[in-house]
Amino acid sequence: VQLQASGGGSVQAGGSLRLSCAASRIFFTSNFMGWFRQAPGRQREFVAAIGTSGGNTQYAHSVMGRFTISRDNAKNTVYLQMNSLKPEDTAVYYCAAAPVRSILATIPTEASQFRNWGQGTQVTVSS
């Protein structure tokens, strides 16, 4: 399994970035997809996750209303549109995949529930 994240960069507060994560060697539509982030000296934290069809999503309270997760199953790619960025959004952002265990499974939000991880992409927001 390969998850290749891209799209990070440096922006000023209030700006926008769009992260992409391309998946390969994976049954993409059988996986929940998520984004996590880790700032220096802090634990990795959940940002957003999306169901297999893209119809259901979960967000951390800190990004709700500013970030949007989406997926294109034809391209095996998940996106994170980040608007109204704040300096506290500065972190390395990781995409992750969690296989669906049952048809009743809910969207995971814990890092331990995700099996496969990308390499991370740096997002820096300056004030």
Verify, without hydrogens or angle tests, whether [X] (side chain) and [Y] (backbone) share a donor-acceptor contact under 3.5 angstrom.
X	Y	result
S112	E110	no
T121	G8	yes
R71	G54	no

Measuring from [X]:[atom1] to [Y]:[atom2], what's the distance to the nearest 0.5 Å?
X	Y	atom1	atom2	result
Q113	R101	CD	CZ	10.5 Å
S62	K86	OG	NZ	8.0 Å
R115	N31	CZ	CG	8.0 Å
M33	F114	CE	CZ	8.5 Å
N76	I26	CG	CD1	8.0 Å
Q119	Q2	CD	CD	9.5 Å

Are [X] and [Y] in one and the same hydrophobic cluster, where Ile, Leu, Val, Met, Phe, Trp and Tyr link if side-chain heavy atoms are under 4.5 Å apart?
X	Y	value
W117	I69	no
F28	V100	no
V125	V63	yes
I107	I50	no
Y79	Y94	no

Within residues 4-68 or reaching into it, pairs that qualify as disulfide (SG to SG under 2.5 Å) - sequence neighbours excluded: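 Checked against disulfide (SG to SG under 2.5 Å) - neighbours excluded - the pairs reaching residues 4-68 are C21-C95.
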
Is there any disulfide (SG to SG under 2.5 Å) pair reaching into residues 97-127, and which pairs are they, with sequence neighbours excluded?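 For residues 97-127: none.
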
Heavy atoms, side chains only, cut-off 4.5 Å: are D89 and M82 in contact?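 No - every pair of side-chain heavy atoms lies 4.5 Å or more apart.
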
Do R37 and R44 make a side-chain contact, defined as non-hydrogen atoms from C-beta onward lying under 4.5 Å apart?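 Heavy-atom side-chain distance check fails, nothing below 4.5 Å.
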
If you compare all heavy atoms of [X] against all heavy atoms of [Y], which two are closest, and at what distance to 0.1 Å?
X	Y	value
A98	P108	CB-CG, 3.8 Å
N73	T52	ND2-O, 2.9 Å
G51	F32	CA-CD2, 3.7 Å
P87	A13	CD-CB, 4.1 Å

Side-chain H-bond candidate by donor/acceptor type, N83 with S16, under 3.5 Å: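 Present: a donor and an acceptor within the cut-off.
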
When you look at L80 and T68, which way does the side chain to side chain contact (heavy atoms under 4.5 Å, CB included) test go after all the steps? CA-CA 6 Å; L80 185 68; T68 302; over 6 Å; no

Pair T106, Q58 - check side chain to side chain contact (heavy atoms under 4.5 Å, CB included), show working. CA-CA 10 Å; T106 57; Q58 289 281 351; over 6 Å; no

Using side chain to side chain contact (heavy atoms under 4.5 Å, CB included), reason through L85 and F67 one step at a time and then give a plain yes or no. CA-CA 9 Å; L85 282 160; F67 291 11; 3.8 Å; yes

Once the angle between the rings of F36 and F46 is folded into 0 to 90°, is it parallel (under 30°), tilted (30 to 60°) or perpendicular (over 60°)?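 Plane angle over 60°, so perpendicular.
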
